[in-house]
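Please read the structure below before turning to the comments.
Remember, predicted model here, so these are calculated numbers, not experimental data.
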Amino acid sequence: MCLAVPARIERLHPNKMATVDLSGVRRQVSVELLDEVREGEWVAVHVGFAIARLDEQEARETLELLRQVAELADLPPAEEEPPPGLPRPAGPAAAKGASGP
């Protein structure tokens, strides 16, 4: 799976590189694939390259979705009780209960 992450360009450098803010983490990325980027602009970053421009609202919505996915990744394993309001996931524990003694 490939994933590009929204980042805000903080500083442009003369060698088609830029310092970006990736949700509080600063990285150097190449902006060579984009024409005329500006400081303050939002871009999608994939493996060290800015590959697309994003408007700020799109970038913030994407970051919120990524935050929600990260929260879901913290759900307990299938053998444990799911949080209130969520169905019990199907899996080995469910199958064992269905055919067990």
Side-chain angles (χ1 to χ4, degrees):
M1 178 171 87
C2 298
L3 181 67
V5 180
R8 187 172 172 271
I9 296 176
E10 289 191 332
R11 185 173 182 165
L12 291 170
H13 303 287
N15 54 354
K16 300 261 184 188
M17 297 294 288
T19 299
V20 298
D21 178 352
L22 288 156
S23 297
V25 176
R26 287 179 176 67
R27 294 276 189 238
Q28 296 274 322
V29 301
S30 172
V31 292
E32 190 168 352
L33 299 176
L34 300 175
D35 293 329
E36 297 186 33
V37 291
R38 292 176 289 175
E39 292 177 359
E41 196 169 23
W42 287 84
V43 293
V45 174
H46 177 67
V47 293
F49 288 88
I51 60 172
R53 286 185 176 80
L54 301 172
D55 66 46
E56 185 172 349
Q57 180 178 351
E58 180 182 15
R60 293 193 186 281
E61 288 172 0
T62 301
L63 288 171
E64 175 59 20
L65 289 172
L66 291 172
R67 186 193 62 74
Q68 290 176 10
V69 168
E71 282 183 10
L72 290 174
D74 288 338
L75 288 177
E79 291 77 28
E80 297 180 19
E81 284 294 318
L86 291 179
R88 178 179 285 279
K96 186 190 310 181
S99 63

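When the options His13, Arg27, Arg11 are evaluated for a side chain to side chain donor-acceptor pair (under 3.5 Å) with Thr19, the one that passes is His13.
Listed by chain and number, the residues in a side-chain hydrogen bond (donor to acceptor under 3.5 Å, both in side chains) with Glu39 amount to none (sequence neighbours excluded). In terms of the salt bridge (Lys or Arg N to Asp or Glu O under 4.0 Å) criterion, residue partners of Arg67 (sequence neighbours excluded) are, by chain and number, Glu64, Glu71. In this structure Ala4 satisfies the side chain to side chain contact (heavy atoms under 4.5 Å, CB included) test together with Ala44, His46, Ile51, sequence neighbours excluded. Every residue was checked against the side-chain hydrogen bond (donor to acceptor under 3.5 Å, both in side chains) condition with Ser23, not counting sequence neighbours, and none meets it. Residues satisfying the salt bridge (Lys or Arg N to Asp or Glu O under 4.0 Å) criterion with Glu56, sequence neighbours excluded, are Arg60. A search for salt bridge (Lys or Arg N to Asp or Glu O under 4.0 Å) contacts involving Arg26 returns Glu10, not counting sequence neighbours.
Here the CH2 atom belonging to Trp42 is positioned 5.5 Å from the CG atom belonging to Leu63, to the nearest 0.5 angstrom. Separating the CZ atom in Arg8 from the CG atom in Leu54 is a distance of 13.0 Å, to the nearest 0.5 Å.
Between Val31 and Ala18 the shortest heavy-atom distance is CG1-CB, 3.8 Å.
Using a 4.5 Å cut-off between side-chain heavy atoms of Ile, Leu, Val, Met, Phe, Trp and Tyr, with links allowed through other members, Val5 and Phe49 fall into different hydrophobic clusters. Side-chain heavy atoms closer than 4.5 Å link hydrophobic residues (I, L, V, M, F, W, Y) into clusters, and following such links, even through other members, never connects Leu22 to Leu33. Val37 and Val20 fall within a single hydrophobic cluster, where Ile, Leu, Val, Met, Phe, Trp and Tyr are joined by side-chain heavy atoms under 4.5 Å apart, directly or via other members.
Side-chain contact between Leu66 and Leu3 is present, with at least one heavy-atom pair separated by less than 4.5 Å.
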